[in-house]
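Note that the structure is predicted; figures quoted are calculated from it, not measured.
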Amino acid sequence: SEPEHVKRLYGLDQDRTKDFGKKCLLARRLVERGVRFIQIYSGGNHNDANWDAHGDLVKNHEYHAGNTDLPIAGLLADLKQRGLLDETLVVWGGEFGRTCYSQGALSATNYGRDHHPRCFTTWMAGAGMKPGYAHGETCELGYNIVRDPVHVHDLQATILHQMGLDHERLTYRYQGRRFRLTDVHGNVIPQLLA
């Protein structure tokens, strides 16, 4: 059992944040016990709507952000306080980018947005990542990248680098082709590293 101040840190004292808070607290406990890879999901189960808002965007995202903001902040603070954030890489992302263009009913209070393959936001903390740094920029419409593009293979190469793995050495031959986790691409993004 955790002390009350730790339960509050993760939002376990609030109905809205309790479910995701339990997942974040479990993640911290797993980190403390040496588990190397931990994945937490938010939304998308049979009892809960997911982040895939093609309609009622404001209601949907306010709901999910409100459920997760406090617990993920609690996880980062708790890892840092315990001296674990320096060796733990936290990656927050989703399945793909989204356009800023409306989709759905298109009223002032009910609209969504469509899938978008060109722009995507992910954040990372801990494990030698540069704190407070934003990399890349889109046009004013959020449609195209105008500065510092990052391919998904670059992101993967950087994550593997921070885990102490050289993505170019993780190569195996299969049916006459050389495969690796970053396919045939990928460069570590040095600007992201502290």
Side-chain angles (χ1 to χ4, degrees), residues 2 4-31 37-81 84-85 88-127 129-145 148 150 152 155 158-159 192:
E2 298 287 340
E4 288 304 314
H5 74 278
V6 172
K7 292 178 182 178
R8 284 191 304 276
L9 184 67
Y10 285 91
L12 301 185
D13 59 337
Q14 300 175 39
D15 287 340
R16 180 171 191 174
T17 54
K18 185 185 300 184
D19 181 59
F20 194 70
K22 287 178 184 178
K23 294 174 185 178
C24 289
L25 179 57
L26 178 59
R28 192 224 63 215
R29 290 175 175 174
L30 291 169
V31 167
F37 303 98
I38 303 160
Q39 186 169 6
I40 304 173
Y41 288 97
S42 165
N45 63 41
H46 67 280
N47 294 323
D48 201 1
N50 59 42
W51 290 85
D52 193 9
H54 291 271
D56 213 351
L57 181 69
V58 173
K59 180 180 178 185
N60 179 281
H61 280 51
E62 193 279 333
Y63 171 78
H64 287 290
N67 291 353
T68 59
D69 280 352
L70 177 65
I72 196 67
L75 174 61
L76 294 173
D78 202 12
L79 288 171
K80 184 173 183 178
Q81 181 270 326
L84 296 168
L85 190 58
T88 304
L89 178 61
V90 179
V91 180
W92 181 275
E95 57 186 337
F96 43 69
R98 295 302 204 135
T99 64
C100 59
Y101 297 104
S102 293
Q103 179 185 43
L106 304 181
S107 71
T109 59
N110 185 10
Y111 52 89
R113 55 188 181 168
D114 201 3
H115 298 180
H116 186 39
R118 295 184 180 181
C119 303
F120 185 80
T121 301
T122 298
W123 62 257
M124 297 185 285
M129 302 308 295
K130 189 181 295 183
Y133 175 73
H135 187 82
E137 183 179 328
T138 66
C139 66
E140 65 274 6
L141 299 176
Y143 188 73
N144 277 316
I145 301 166
D148 296 329
V150 173
V152 67
L155 176 64
T158 304
I159 290 170
L192 300 182

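- In this structure, CD1 in I40 is found 5.5 Å from CD1 in I72, a value given to the nearest 0.5 Å.
- Between P71 and T17 the shortest heavy-atom distance is CG-O, 3.6 Å.
- L155 and V150 make their closest contact through N-CG1, 4.0 Å (heavy atoms, listed as atom of the first residue, atom of the second, distance).
- Between the side chain of H135 and the main chain of L192, no donor-acceptor pair closer than 3.5 Å is present.
- Between F20 and W92, the two ring planes are perpendicular [angle over 60°; tilted spans 30° to 60°].
- Residue I145 holds its CD1 atom at 11.0 Å from CD of E137, rounded to the nearest 0.5 Å.
- Dense packing is recorded around NZ of K7, with more than 12 heavy atoms of other residues, nucleotides or ligands lying under 6.0 Å away.
- Residues H64 and S42 meet the side-chain proximity criterion, which asks for heavy atoms closer than 4.5 Å.
- Other residues, nucleotides and ligands contribute more than 12 heavy atoms inside 6.0 Å of the CG atom of N144.
- Between the side chain of K18 and the backbone N or O of D13, no donor-acceptor pair lies under 3.5 Å.
- Side-chain contact between V6 and L25 is present, with heavy atoms from C-beta onward closer than 4.5 Å.
- At least one side-chain heavy atom of E2 sits less than 4.5 Å from a side-chain heavy atom of R28.
- Using a 4.5 Å heavy-atom cutoff, the side chains of K22 and Y10 are not in contact.
- Counting only heavy atoms from C-beta outward, the side chains of L9 and L70 never approach each other to under 4.5 Å.
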Exercise. Which is it for E62 and R16 under the salt bridge (charged side-chain N to carboxylate O under 4.0 Å, His left out) test, yes or no, and what are the steps along the way?
Worked result: CA-CA 12 Å; E62 193 279 333; R16 180 171 191 174; 3.3 Å; yes
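- Between C119 and G142 the shortest heavy-atom distance is SG-O, 3.7 Å.
- Contact check for D19 versus N67: no side-chain heavy atoms found under the 4.5 Å cut-off.
- With a 6.0 Å cutoff to the six-membered ring centre and a 45° limit on the axis angle, K130 counts as a cation-pi contact of Y133.
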